[in-house]
Amino acid sequence: MSDHDDLTQVRTVLAGAGIIPPDRELELLARVLPTLRAQMDRAYALDTGEVAPVATFRPAPTPEDGAR
Amino acid sequence: MSSVDRFSTITELADALRAGTTTSVALTEATIRAADALDERLGVYLARYDDTALEAAATADRERAAGIDRGPLHGIPLGVKDIISMREGPTTAQSLVLPADWGGRRDAPVVERLRAAGAVLTGKTSTMEFAIGSPDRSKPFPLPRNPWDTDCWTGGSSSGTGGGIAAGLFAAGLGSDTGGSIRIPAAYCGVSGHKQTFGLVPKSGVVPLGFTYDHVGPLARSAEDCALLLDVLVGPTDDDPTTVDVGTFRCAPTVHDGVAGLRIGVARAATVDGGFCDPGTATSLDAAVAALAAAGATVGDVEFPLWDELHDACFLGLYAEAFAWHRPHLARAWADYGFDTRLGIAQGSLVSAGDYVQLQRVRELGRRAMAVLFAEVDLVIMPTTGRPAPRFGAPGMDRDERLRSLYTPPFNSLGLPALSVPMGFVDGLPVGLQIVGPAFADALVLRAGAAYQARTDWHRRVPAIAAVD
């Protein structure tokens, strides 16, 4: 992806969240994107096979439920 | 203060209190005088609670006189990082963004437990904004300065707790650690800090950063003191579903059992040889290896599995989790966040849902690989950071280099117990030794730290600026 594409992606993602940073800060975030993507590529390159993620959902009620 | 002073360990202070050679009020008054003299220069406190601390100290002295002994923390002055809720005042997370009533001015469970143990809570200590930013002169908060060199940072984000212990403003305190925020200031300030196994200590009443990476734990002068605090903090709560009940859990009783016969692996290739380590830090590590070997451990290099991937899994995962919490606040108050804070957290928006799940699979893969490594060795050691505390305003390393010189994040991805103890000085600044163990082997990790500190005196060094009173 080009620098322009990175900037467009960052701007679009944040705008979708209702966040409108100044252009200078969007450019700084866009500069991080290639590194971030390379790090994720490294994560996907691992043989994770059938490994399930560590995060788990617990269906049982909790004491906090009553406080909501 | 008779036989003890502001730089004594909790054990020494507790012995003096029990022997009647000092009082909690005398200890607390000394810390207040030190804060009067030093805090403006060091930026340790966001809020001081001198009056309630003196009341708690007087109560501790009365109880002791009446034969009530609440344990080693009874009457000991402690600081609390200002992302942890306390009844005395608001929690700010060192930010203009957090609602003023966050936490409802109720004690977090960890604070309740310290109070029940008789601790004297002296105030709320400085942090990095939301425990993720960096020193920021543009916001109306103190700049945490390193007592060893006030032109240098304390490290973060448990900045005030680390700096305050080094300067003798309290004996120990609470920090939090999502990527190294207990261990990094411990290393940079020359004190000890323990990130316990994930799930041992409740995080409710603590401003979250990365829900599955956050840990709340102790910083103190010694590994033994960390054990004393951890023993009080451990235990599940109903309102933190990540906590686990491990039954009776005590680290202090075995902390002096030594390391004879233990197998200790050195993660040298992943850290010292990784390109981001100062030669002085490497030399200090060699001396630490020799000290542990002299104490009877078998020490040799090991290959650490998935180091880079687990490093990435920490930062990318915590950014994503932080973004989930901060998104509405970023949308309404972007400019009220510090520059580095908002750009750091906004990176979480760039981690897709699929990416996040893959990071959690990497963590599971790492957990399995560590089980194999811990079949070969009992503990793993390495420097806590490759370099000592950075100088304010110095030409910076680039972002990736700066993060890679931190050897703490993989253990947030893995949730493993990790202790930092002082292991020497580089250019006049402290550096730390990190000791890591299997899940729930916190007692073993702290035991190794105490064995190392029995053979070294780095944790006894006091910065020149602290010598007041």
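First the proteins, then the strands, lettered A, B, ... as listed; each starts at 1.
Only the side chain of B:Arg342 has a heavy atom closer than 4.5 Å to any heavy atom of chain A. For a residue to count as touching a neighbouring chain, one of its non-hydrogen atoms must lie under 4.5 Å from one of that chain's; by this rule A:Ala43 touches chain B with backbone and side chain alike. Heavy atoms closer than 4.5 Å to chain B are found in both the backbone and the side chain of A:Val51. Heavy atoms of B:Arg367 lying under 4.5 Å from chain A are absent altogether. Of the two parts of B:Phe323, only the side chain, counted from C-beta on, holds a non-hydrogen atom closer than 4.5 Å to a non-hydrogen atom of chain A.
In terms of heavy atoms, B:Gln347 sits closest to A:Leu29 at CG-CD2, 3.9 Å.
Contact count against chain A (heavy-atom pairs under 4.5 Å) is highest for B:Asp308 among B:Val357, B:Leu306, B:Asp308. The candidate from B:Glu364, B:Arg327, B:Arg368 with the greatest count of non-hydrogen atom pairs under 4.5 Å with chain A is B:Arg327. Note: B:Ser349 leads B:Ser349, B:Gly415, B:Pro328 in heavy-atom pairs under 4.5 Å with chain A. Most heavy-atom pairs under 4.5 Å with chain B: of the set A:Gly18, A:Ala17, A:Gly16, this distinction falls to A:Ala17.
Between B:Leu350 and A:Arg37 the shortest side-chain heavy-atom distance does not fall below 4.5 Å. Using a 4.5 Å cut-off on side-chain heavy atoms (C-beta onward), B:Arg361 and A:Leu46 make no contact.
Residues of residues 309-320 of chain B having a heavy atom under 4.5 Å from any heavy atom of chain A, listed by number: B:Glu309, B:Asp312, B:Leu316.
In this view, B:Phe374 satisfies the ring-ring contact (aromatic ring centres under 6.0 Å, His included) rule with no residue, not counting sequence neighbours. In this structure B:Asp355 satisfies the side chain to side chain donor-acceptor pair (under 3.5 Å) test together with A:Tyr44, B:Ser352, sequence neighbours excluded. Looking at residues two or more places apart in sequence or on another chain, you find a ring-ring contact (aromatic ring centres under 6.0 Å, His included) between B:His215 and B:Phe198.
Between the CH2 atom of B:Trp334 and the CD1 atom of A:Ile19 there is a distance of 6.5 Å, given to the nearest 0.5 Å.
Around atom CZ of B:Arg106, no more than 12 heavy atoms belonging to other residues, nucleotides or ligands sit under 6.0 Å away.
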